[in-house]
There are 2 protein chains.
Amino acid sequence: MEKEITIYDIAKDVGVSPTTVSRALNHHPAVHEKTKKKIFDAVLKMGYQSNIFAANLRTKRTNNIGVIVPRLNSNFQSSVLAGMEKAANEAGLNLIISQSLESFEKEKANANTMFNSRVDGLLVSLASDTENIDHYKPFLRKGIPLLFFDRIAEQSGCTGIVIDNIQAALNATNHLIEQGCKRIVHVLGNIKINVYADRLKGYKYALLENEMLFDPSLIILSDLNEEAGEEIISKIMKLNPLPDGLFVSNDACAASCIRHLKLEGIRIPEDIAVVGFNNDVISRLVEPNITTVNYPGYEMGELAMKNLIKHLDKPNEGMLENTNKITLRSDLIIRKSSKKEISL
Amino acid sequence: MEKEITIYDIAKDVGVSPTTVSRALNHHPAVHEKTKKKIFDAVLKMGYQSNIFAANLRTKRTNNIGVIVPRLNSNFQSSVLAGMEKAANEAGLNLIISQSLESFEKEKANANTMFNSRVDGLLVSLASDTENIDHYKPFLRKGIPLLFFDRIAEQSGCTGIVIDNIQAALNATNHLIEQGCKRIVHVLGNIKINVYADRLKGYKYALLENEMLFDPSLIILSDLNEEAGEEIISKIMKLNPLPDGLFVSNDACAASCIRHLKLEGIRIPEDIAVVGFNNDVISRLVEPNITTVNYPGYEMGELAMKNLIKHLDKPNEGMLENTNKITLRSDLIIRKSSKKEISL
DNA sequence: TATTTTTATGAAATCGGTTGCTTAATGTTT
DNA sequence: AAACATTAAGCAACCGATTTCATAAAAATA
């Protein structure tokens, strides 16, 4: 238990007032260079460490940004976080991260903790369970910038950062149709999540554009994890006639599907062409490489954080009401798993 | 800008002193139940929110735990973080996370930020660049619990949580030898990191045990990412005679190697048996499934956090000096990529 | 009933920077 | 040289919860 050095100690040592020390440390212009130098020398000599609590208490700022994600251990989410961390770090901000584990209750609890921790801003990707966003009202009321990413709250009036899931799914489906697919199965996650709802829309639009009928029996709901492939494929194998295209809303799951399709003796892409989503590492490593939608997680995280930071300095502008939705570019990356022409 | 409600406002409303309000909120026994009830009613009615800065300023606790990892967007690390977050959340602690991006300088900067943010404890996995751990001395001096995980500082005297990398690599290599491999290539990362240094040891020990000679030309250094496979395989193809076993220190890289070996027309496991490391999702999805070492990231994170928490309440015990190393169990998971016998 | 113990509460100092206001010293203008 | 502007620095209040010490009221004991 060493005694803490305060600005008062520094002040006494240098022979100035605590005010001047405080000003010097914050590079206030009204401190003479010579005095400043003396103060910084003393700071170094005495091993002074600023007490952020005292500072926070006055300035009402923590320099902490809260982030709530559904899961930390997801390829996509951790890329987003990496991007956020970089941007935050560059701006001298800390990241407080928590996960909702897809539970509404836990998300509420986390939001509450964040609020009580007085984060300066909050970035959220919603849990699949989340039914309303009332738990973020305290932030809005207090004018704390709140921004959603990926899994956004459409109605909320808050800014959301997304990719155009409709367009991406449309492109993916169109690509399969171009490859000659007539019966395309679409595997997606919880439809309550905007992400999956939009992709389903995109899938339907593509059918419409090509004057193909939407067949509900070709839609398979799944939790899209790496084990889901077995069950999905067993469902697919029961379809009669078999589909010739498969659009899975997640690469890990697509990989799992491919694996189980191969076990059933089905050739990819000749019998069934497959498109995934995310451009995860795995899409480049399985055989055949998976055609997928590039989902720029790192960029999304960086952009979300930078956007939030922009709003930190002007509290009057409050809840990011000027821009309401930022859409990132995402392209279809065509690989072997879907290229029927070439393999014919 | 709504005015903040403080305990003074509550006190005035209820007709007691701020002292009593503070006591009531902290469930101090010396507050009459009736008074307490009145206070909590007022708290609810007035929408009071505790100001943690003021509390922190007095109690000198933040309830924040810092975590420094090399990269956020790594399968293993994000699992660790998920485990940590869970344990922290249960204990009412927040996680402040930053990444060193494998840079010594950035790690130092992050450690410094953490220190200035007055985290109550710190969990670190070292960057590959890190040459010394002097930047953690301020924590030790102040008695802030510091704990390393996975990439630990051997000499430091700080507790480290690891798996037995030597034993794991020994088992993996022995397994390949049992499958009849005579020339086993080992692909590893930066040898300065304890993790890879230990695995190399394990590999050598296995050779020794089986009276096989260590051949330095069979050791390949790599950054072990998903793109590294191509280069590694081009090196391997130049070996004469070709190896018959391959032990890669990371599943994503192993998958990449398998892919490129297959492109060269080499059969797995018949021509070359492959063992990976980590038990990443990918090891279960590529063809053939990869034999790998289970690396329990989630458990490691949970354990590390729980261990740290144990030391938070007894500041006298200081720097976790009683236990010096905690080793987690990790098993070899045998899959098709290495099973020569069965495929013969 | 008088005295001691227990219980419930409050006054005031404290934690350590920050900042509005004031003042002294120096520099500039006419 | 007088009047004004600028620069550098300090005083003291403040942020809001916590905590030590003191005290009034109630309960227990003699």
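To find a chain, count down the sequence lines: A is the first, B the second, and so on, and within it residues start at 1. Just so it is clear, the values below take in all heavy atoms, side chains as well, and ignore hydrogens, waters and symmetry mates.
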Encoded 5' to 3' (Watson-Crick or G-U under 3.5 Å; [ ] crossing; | other strand), DNA chain D becomes ||||||||||||||||||||||||||||||
Tell me: NE2 of A/H32 to P of C/dG27, nearest whole Å? 10 Å
Is the shortest side-chain N to carboxylate O distance from B/E131 to B/K108 below 4.0 Å? no
Ion pair A/K142/B/E4, N-O distance below 4.0 Å: yes
Are A/K37 and A/D41 within salt-bridge range, i.e. N to O under 4.0 Å? yes
Under 4.0 angstrom, heavy atoms only, what part of the nucleic acid is B/V16 near: base, sugar-phosphate, or nothing? sugar-phosphate
Would you say the side-chain atoms of B/N63 pair up with the backbone N or O of B/V119, donor to acceptor, closer than 3.5 Å? no
Quickly work out the A/H28 NE2 to D/dT7 C1' distance and round it to whole Å. 11 Å
Electrostatic pair B/K45-B/D13, nearest N-O below 4.0 angstrom: yes
Would A/K306 and A/E299 pass as an ion pair if we require N to O under 4.0 Å? no
Between CZ of B/R61 and C1' of C/dC15 the distance, given in whole Å, is 17 Å
Reading nucleotides 13-18 of chain D 5' to 3', which nucleotides get B (base under 4.0 Å from a protein heavy atom), which S (sugar-phosphate only), which -? -BBBBB
Measure NZ/A/K12 against P/D/dC11 and give the value in whole Å, please. 14 Å
Can you list the steps and then say if B/F76 with B/Y298 is a ring-ring contact (aromatic ring centres under 6.0 Å, His included)? CA-CA 8 Å; B/F76 172 70; B/Y298 192 90; over 10 Å; no
Between B/T20 and C/dG10, does any side-chain N or O lie under 4.0 Å from OP1 or OP2? yes
Kindly state each residue pair satisfying side-chain hydrogen bond (donor to acceptor under 3.5 Å, both in side chains) with at least one member in residues 67-83 of chain B, sequence neighbours excluded. none
